[in-house]
Amino acid sequence: MERAARREYHGEFKVAGGKLVVADLGVADGRFSGVSINGDFFLEPDEALDDINAALEGLPIGTPHGELATAVRQRLRPDAEMFGFSPEAVATAVRRAVGMASSWADHQWEIIGPTPLPTAMHVAMDEVLTREVGAGRRNPTLRFWEWESPSVVIGSFQSMRNEVDSDAVRRHGVSVVRRISGGGAMFMEHGNAITYSLYVPQSLVDGLSFADSYPFLDDWVMEGLRKLGITAWYQPLNDIATDVGKIGGAAQKRLGNGGMLHHVTMSYDIDADKMLEVLRIGREKLSDKGIRSAKKRVDPLRRQTGLPREEIVRVLSDTFRERYQAVDGTLHPAEVSAAQVLVEEKFGTADWLYRVP
């Protein structure tokens, strides 16, 4: 029986704060062949490189990231030392070589600027665009939100009665919607927050833990904030903080078709008193934050920068555009229609809103 032709592949992965790992390999009959891992890393002893290559040789092309890393780790001799890279980095380079993992540079990115929508349409649009990216019908996209009315967006698994004060919601004319991602409640009024959504293929975070994927997907935001004079970092799992307090939080959802939603809300000029009337933020929520008051926990970007909200959005958008060569995008009519249907059938219904009473 004639064997299938051998195809050659090349993949690269730069470890954050570390070295470049390169995978050159072939694939024959669906298995890795002639594997050569190389790069500017350090490895002792020299013979350990043969162990790494041998560990990968003959494995199926679709071997999951974790299994590749485990194979490398188990094959390495006991005295081997890896400097500037890891078995996980090797696995990422290999999966990038065969198209199972991707980098930012592998995609054409689009940016959709702030567009006012009803809040239920925003959360519906998140589901629609995530599915479109997962299905390959839309390029990976960054979308900034804008609001038509005061709103609370609760996490997919939060309880309505435990998170929201229904009397205060009615008194202040606040709408409440539930999103598809987990995490905590977001209180938003026109001009008081900066919210964006990233719609990406899961191949972009292949091999990363959930915890590591948050700072990875928002590294461009940290760069943009530095341009504004703010040093920020991720406080596990999903808070964005500075030395004077929290400025934002993130949430994610991974869909079965390979699409992934990552979105962030950062406080610009929040009315903390109104927020505390509308949201029920108890002591247990704050128990590991080292503070007693939710009001003291949030430090808005307006106070820290002194800049208009629109200028902050511009700097963040320009940072993303320059870093990833992004182009302007727009919401397609079919996507808007699909989101409107989702509002009618899901996000605008009491069944969805009160699915966790």
Side-chain angles (χ1 to χ4, degrees), residues 14-18 104-105 109-116 140-147 153 183-184 186-198 200 211-252 262-276 281 286 288-328:
K14 174 65 169 63
V15 178
W104 293 91
W109 294 88
E110 296 184 10
I111 300 177
I112 299 175
T115 304
T141 300
L142 167 67
R143 180 177 73 93
F144 286 92
W145 294 31
E146 191 56 271
W147 298 273
V153 181
M186 303 149 46
F187 172 64
M188 301 176 292
E189 293 183 289
H190 180 74
N192 84 337
I194 297 172
T195 295
Y196 62 84
S197 295
L198 267 174
V200 306
D212 289 341
S213 69
Y214 281 91
F216 172 77
L217 291 173
D218 281 332
D219 191 59
W220 63 277
V221 178
M222 305 308 169
E223 179 184 344
L225 292 174
R226 284 194 295 273
K227 293 177 181 178
L228 296 166
I230 296 176
T231 299
W233 60 86
Y234 256 92
Q235 188 167 290
L237 169 65
N238 62 332
D239 285 352
I240 299 176
T242 69
D243 57 359
V244 292
K246 174 182 175 179
I247 59 173
Q252 294 182 356
H262 173 91
H263 56 173
V264 168
T265 291
M266 292 185 286
S267 172
Y268 174 72
D269 189 22
I270 198 164
D271 184 335
D273 291 325
K274 186 184 293 185
M275 178 187 74
L276 292 177
I281 304 176
L286 304 175
D288 65 342
K289 308 297 181 183
I291 55 175
R292 295 183 179 181
S293 169
K295 185 174 181 179
K296 294 179 181 179
R297 183 186 176 205
V298 179
D299 194 83
L301 286 171
R302 180 178 182 180
R303 191 191 71 78
Q304 292 196 44
T305 65
L307 295 173
R309 175 175 172 271
E310 292 73 18
E311 176 64 11
I312 296 174
V313 172
R314 184 193 67 78
V315 170
L316 294 178
S317 180
D318 286 350
T319 300
F320 188 91
R321 187 186 308 276
E322 294 163 6
R323 191 168 188 177
Y324 304 125
Q325 290 75 57
V327 299
D328 289 334

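Using a 4.5 Å heavy-atom threshold, the side chains of I112 and T141 count as touching. Between T305 and E311 there is no side-chain heavy-atom pair separated by less than 4.5 Å. The shortest distance between side-chain heavy atoms of L228 and L307 falls below 4.5 Å. Counting heavy atoms from C-beta outward, N192 and F187 have side chains that approach closer than 4.5 Å. I312 places none of its side-chain heavy atoms less than 4.5 Å from the side chain of M266.
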**Asked** Would V200 and W109 count as a side-chain contact (heavy atoms from CB on, under 4.5 Å) if you check the C-alpha gap in whole Å, the side-chain angles of each, and the deciding distance to 0.1 Å?
**Response** CA-CA 9 Å; V200 306; W109 294 88; 3.6 Å; yes
**Asked** Do T265 and W145 pass the side-chain contact (heavy atoms from CB on, under 4.5 Å) test, and can you show the C-alpha distance, the side-chain angles, and the key distance before you say yes or no?
**Response** CA-CA 9 Å; T265 291; W145 294 31; over 6 Å; no
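Note: Y196 and W220 meet the aromatic proximity criterion, with ring centroids under 6.0 Å apart.
A232 meets the side-chain contact (heavy atoms from CB on, under 4.5 Å) test with M222, L225, I230, I240, T242, I247; sequence neighbours excluded. Considering only residues two or more places apart in sequence or on other chains, E223 meets the side-chain contact (heavy atoms from CB on, under 4.5 Å) condition with R226, K227, T319, R323. Applying the salt bridge (Lys or Arg N to Asp or Glu O under 4.0 Å) test to K14 and every residue at least two apart in sequence or in another chain returns nothing. Listed by chain and number, the residues in a side chain to side chain donor-acceptor pair (under 3.5 Å) with D328 are R321 (sequence neighbours excluded). Looking at residues two or more places apart in sequence or on another chain, you find no ring-ring contact (aromatic ring centres under 6.0 Å, His included) involving H263. Among residues two or more places apart in sequence or in another chain, the side-chain contact (heavy atoms from CB on, under 4.5 Å) test is passed with P300 by S267, I270.
E146 CD to M188 CE: the interatomic distance, rounded to the nearest 0.5 Å, is 10.5 Å. With values rounded to the nearest 0.5 angstrom, Q304 atom CD is found 12.0 Å from Y268 atom OH. Rounded to the nearest 0.5 Å, atoms CD1 (I111) and CG (L198) are 10.0 Å apart. With values rounded to the nearest 0.5 angstrom, R303 atom CZ is found 11.5 Å from D269 atom CG. To the nearest 0.5 angstrom, H262 atom NE2 is 3.5 Å from D218 atom CG. The CG atom of L237 lies 8.0 Å from the OG atom of S213; values are rounded to the nearest 0.5 Å.
For the residue pair S317 and F144, the shortest heavy atom distance occurs at CB-CE1, 4.0 Å. The two residues A250 and Y234 have their closest heavy-atom pair at CB-OH, 3.3 Å. In terms of heavy atoms, R309 sits closest to G191 at CD-O, 3.5 Å.
Ring geometry for W104 versus Y324: interplanar angle under 30°, hence parallel rather than tilted (30 to 60°).
Environment of CZ in R302: sparse, with no more than 12 heavy atoms of neighbouring residues, nucleotides or ligands closer than 6.0 Å.
In this structure, the side chain of T115 engages the main chain of G113 through a donor-acceptor pair within 3.5 Å.
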